Amino acid sequence: MNKPINVGVVGCGYWGPNLVRNFRSVPECQLKMMCDLDESRLKHLRSLYPEVEGETRFDRMLNGGDLDAVVVATSVRYHYPMAKAALLAGKHVMIEKPMASSAAECEELIAIAKKNGLTLMVGHTFLYSAAVRKIKEIVDHHDIGDLRYISARRLNLGLFQKDINVAWDLSPHDISIILYIMGEMPNSVNCRGAAHTTPGIEDVTSMNLRFSKERSAIVQSSWLDPRKIREMTIVGSRRMIVYDDVATQEKIKIFDVRVERPPHYDTFAEFHYAYHHGDMYCPHIKQDEPLKTECQHFIDCIQSGAEPLTSGTKGLEVVRILEASSQSLKLDGAPVQLGNIAQFPDLKAQRRNNSRLRPAPVRMVVNGK
């Protein structure tokens, strides 16, 4: 039996408490320490979890916590320096999205983790959702025909960030899902947006990703919408999927609808599109908490040495797209070419080294077991 993995969580503001709660419930893990500059936050969490140590200084957490792994859930500007310090201290690291503020920072973290034989994982939580994994299964089995495009909307009122725009804040979720379903990086990115509230920080953006085979994806993000919307539409040549993460039941709906061109016609007057309207059905999905599955997966990968489903390389891919979107915003929405894998030698080498290593299977958690 493997010994428990001692874990510390740094950043106990918005998302950190959820990580604390879930890591406490992983059998092979022992949550040893919580770290945050805000002593009142630590006091509150210590009242809930008195067996977990509290610390306000990150250096003391790394040097005195007897930790095997560190989870970074701070503001984005601290992801890289804290993750780097933890890796250099010999700790396995899980970083919340986005992985870092630049692709160069991501590449350095990947290199350090590889050199030291450490697990590096990114918190793309939705890839551990049973609903998203079901969509991937449906698309891979060609049940919707040829995949044509994906449209994603992630909207709400706030939470406004001070150091990143809404694309960097909200779209990593949708980008990670889109890359997972598409199975490849886009060829180009273009993005438009506006800063209505804080000068220089866009609170509304619309991103377009162009893939091979005339496939595309649209990602709309906003901090200025009156409703919380988490919706994605996957359009195929035979059927279409609507994924609504806000829905408590029936998160996935499959519509048997399509548009067909007539195979032959002699004159324009004979040309008519054929519209097929069939049934709608909802596949059964097990109810689980994706974050708990993600935390379990992190511990499993540390113990087995397997590559995580959301590895550092996957985090790098998302950040490359975010960097391209920022460049496109400065160019008033002009497309930015991402090029092929040969243009990114670090990423190419990483994939070559991992070519024989498949991502570890994700252990789905149902009813806390």
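Note that the numbering runs from 1 along the sequence shown for the chain. Just so we're clear, the structure is a prediction, and the values are computed from it rather than from any experiment.
At least one side-chain heavy atom of P98 sits under 4.5 Å from a side-chain heavy atom of V76. The side-chain heavy atoms of S326 and W168, taken from C-beta on, include a pair separated by under 4.5 Å. Contact of the D203 side chain with the T198 side chain is not registered, since no non-hydrogen atoms from C-beta on lie closer than 4.5 Å. The closest side-chain heavy-atom distance from P186 to L179 is below 4.5 Å. Counting heavy atoms from C-beta outward, R77 and D163 have side chains that approach closer than 4.5 Å.
Across all their heavy atoms, V122 and S311 have their closest contact at CG2-O, 3.7 Å. Contact detail for S328 and N190: the closest heavy-atom pair is OG-CA, 3.2 Å. Taking both residues in full, the closest heavy atoms of T233 and V242 are given as OG1-CG2, 4.2 Å, listed atom of the first, atom of the second, then distance. Taking every heavy atom of both residues into account, V10 and V72 meet most closely at CG1-CA, 3.7 Å. Nearest heavy-atom pair, D66 versus N6, reported as atom, atom and distance to 0.1 Å: O-ND2, 3.2 Å. C301 and T119 get closest at one heavy-atom pair: O-OG1, 3.7 Å.
By the 30° and 60° cut-offs, the orientation of the rings of F23 relative to F298 is perpendicular.
Crowding of Y49 atom OH: a count of heavy atoms from other residues, nucleotides or ligands under 6.0 Å exceeding 12. No more than 12 heavy atoms of other residues, nucleotides or ligands sit less than 6.0 Å from atom CD of E214. The number of heavy-atom neighbours closer than 6.0 Å to CG of L37, taken from other residues, nucleotides and ligands shown, is 12 or below. At most 12 non-hydrogen atoms from other residues, nucleotides or ligands lie less than 6.0 angstrom from OH of Y149. Summarising the local packing, OH of Y14 is surrounded by 12 or fewer heavy atoms from other residues, nucleotides or ligands at distances under 6.0 Å. Remark: D146 CG is loosely packed, at most 12 non-hydrogen atoms of other residues, nucleotides or ligands lying under 6.0 Å away.
Inspection of the S25 and K292 side chains reveals an N or O donor paired with an N or O acceptor under 3.5 Å.
No donor-acceptor distance shorter than 3.5 angstrom exists from the side chain of E289 to the backbone of L291, with no hydrogens or angles considered.
Note that K253 lies outside the cation-pi zone of Y281, set by a 6.0 Å cut-off to the ring centre and a 45° limit from the axis. Relative to the ring axis of F126, R154 places its NZ or CZ within 45° and under 6.0 Å from the centre.
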